[in-house]
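Down below is the structure, laid out as structure tokens.
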Amino acid sequence: MEPAVVGARLASSIVSPLIRKLFLNGVPGAELVDRPVRVSRLVSFRGEQRTLSDKEMHRIAEELVARAVQATGQEQLPRHEVRAVTNAVASSLRVMGTLDMDDVQAVHLGHMGLARHLRSMSPTAVPGLSADAVELHAGVLNTACLHIRRMA
């Protein structure tokens, strides 16, 4: 299934609350600020203000993938591949905590560019996955980045 189809079938009302958990509350992002803010300072799973554990990050990825599988009818993927896609999505999302770019740069990339950048920064996320699993990973990550971009 095409990655764009995954995004079209995942409702904003499902994805937005999950993506919101990846970010700290009350940290300037889309609000007006004097200068750009590093993306790595906005995430809730790194640094001194860490509020999201690795286990919770994995649960978010698991929910995103499960919803995408359900929405796209990709139930034919074997369970081990769905688990592998979940791990790949979690790994790709974790990269946000190491990004050396600010929120303005992330917005200028666009959601597809941001997703490509996260995939390139996590090269070990998808090797060994089937073509369908790689497409599912790309679709989930593209959709996540669409919502991330709105919050950055």
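- Cluster annotation: Leu99 and Val43 are assigned to the same hydrophobic cluster (Ile/Leu/Val/Met/Phe/Trp/Tyr, side-chain heavy-atom contacts under 4.5 Å, transitive).
- Here the CD-OG1 distance, from Glu56 to Thr51, works out to 7.5 Å after rounding to the nearest 0.5 Å.
- Taking hydrophobic clusters as Ile, Leu, Val, Met, Phe, Trp and Tyr residues chained together by side-chain heavy-atom distances below 4.5 Å, Val126 shares a cluster with Leu64.
- In this model, a donor atom of one side chain and an acceptor atom of the other lie less than 3.5 Å apart for Ser92 and His137.
- The distance from atom CE of Met121 to atom CZ of Arg119, rounded to the nearest 0.5 Å, is 14.0 Å.
- Residue Thr98 holds its OG1 atom at 6.5 Å from CZ of Arg46, rounded to the nearest 0.5 Å.
- In terms of heavy atoms, Phe45 sits closest to Arg94 at CE1-O, 3.6 Å.
- Counting all heavy atoms, side chain and backbone alike, Ile19 lies closest to Ala144 at CD1-CB, 3.7 Å.
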Inset, instruction - List the steps, then state whether side chain to side chain contact (heavy atoms under 4.5 Å, CB included) holds for Val39 with Gln105. - result: CA-CA 9 Å; Val39 172; Gln105 292 168 318; over 6 Å; no

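- Between Val37 and Leu42 the shortest heavy-atom distance is CG1-CD2, 3.6 Å.
- Under the 3.5 Å distance criterion, the side-chain polar atoms of Ser91 are left unmatched by any main-chain donor or acceptor of Asn87.
- Glu63 and Arg59 are not joined by a salt bridge, as no carboxylate oxygen comes within less than 4.0 angstrom of a charged side-chain nitrogen.
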Inset, instruction - Under the side chain to side chain contact (heavy atoms under 4.5 Å, CB included) rule, what do Arg67 and Val15 come out as? Steps first, then yes or no, please. - result: CA-CA 9 Å; Arg67 296 293 184 138; Val15 178; over 6 Å; no

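- Contact between Ala133 and Glu81 at its shortest, heavy atoms only, is CB-OE1, 3.4 Å.
- To the nearest 0.5 Å, atoms NE2 (His147) and NE2 (His111) are separated by 9.0 Å.
- Within 6.0 Å of CE in Met112 there are 12 or fewer heavy atoms belonging to other residues, nucleotides or ligands.
- We find that Asp103 and Arg38 are not joined by a salt bridge, their nearest charged nitrogen and carboxylate oxygen being 4.0 Å or further apart.
- Distance check: Leu129 CG to Glu135 CD gives 12.0 Å after rounding to the nearest 0.5 Å.
- Using a 4.5 Å cut-off on side-chain heavy atoms (C-beta onward), Leu114 and Met96 make no contact.
- A heavy-atom distance below 4.5 Å is not found between the side chains of Lys21 and Met57.
- In this structure, the separation between CD1 on Ile60 and CG on Leu93 is 8.5 Å, given to the nearest 0.5 Å.
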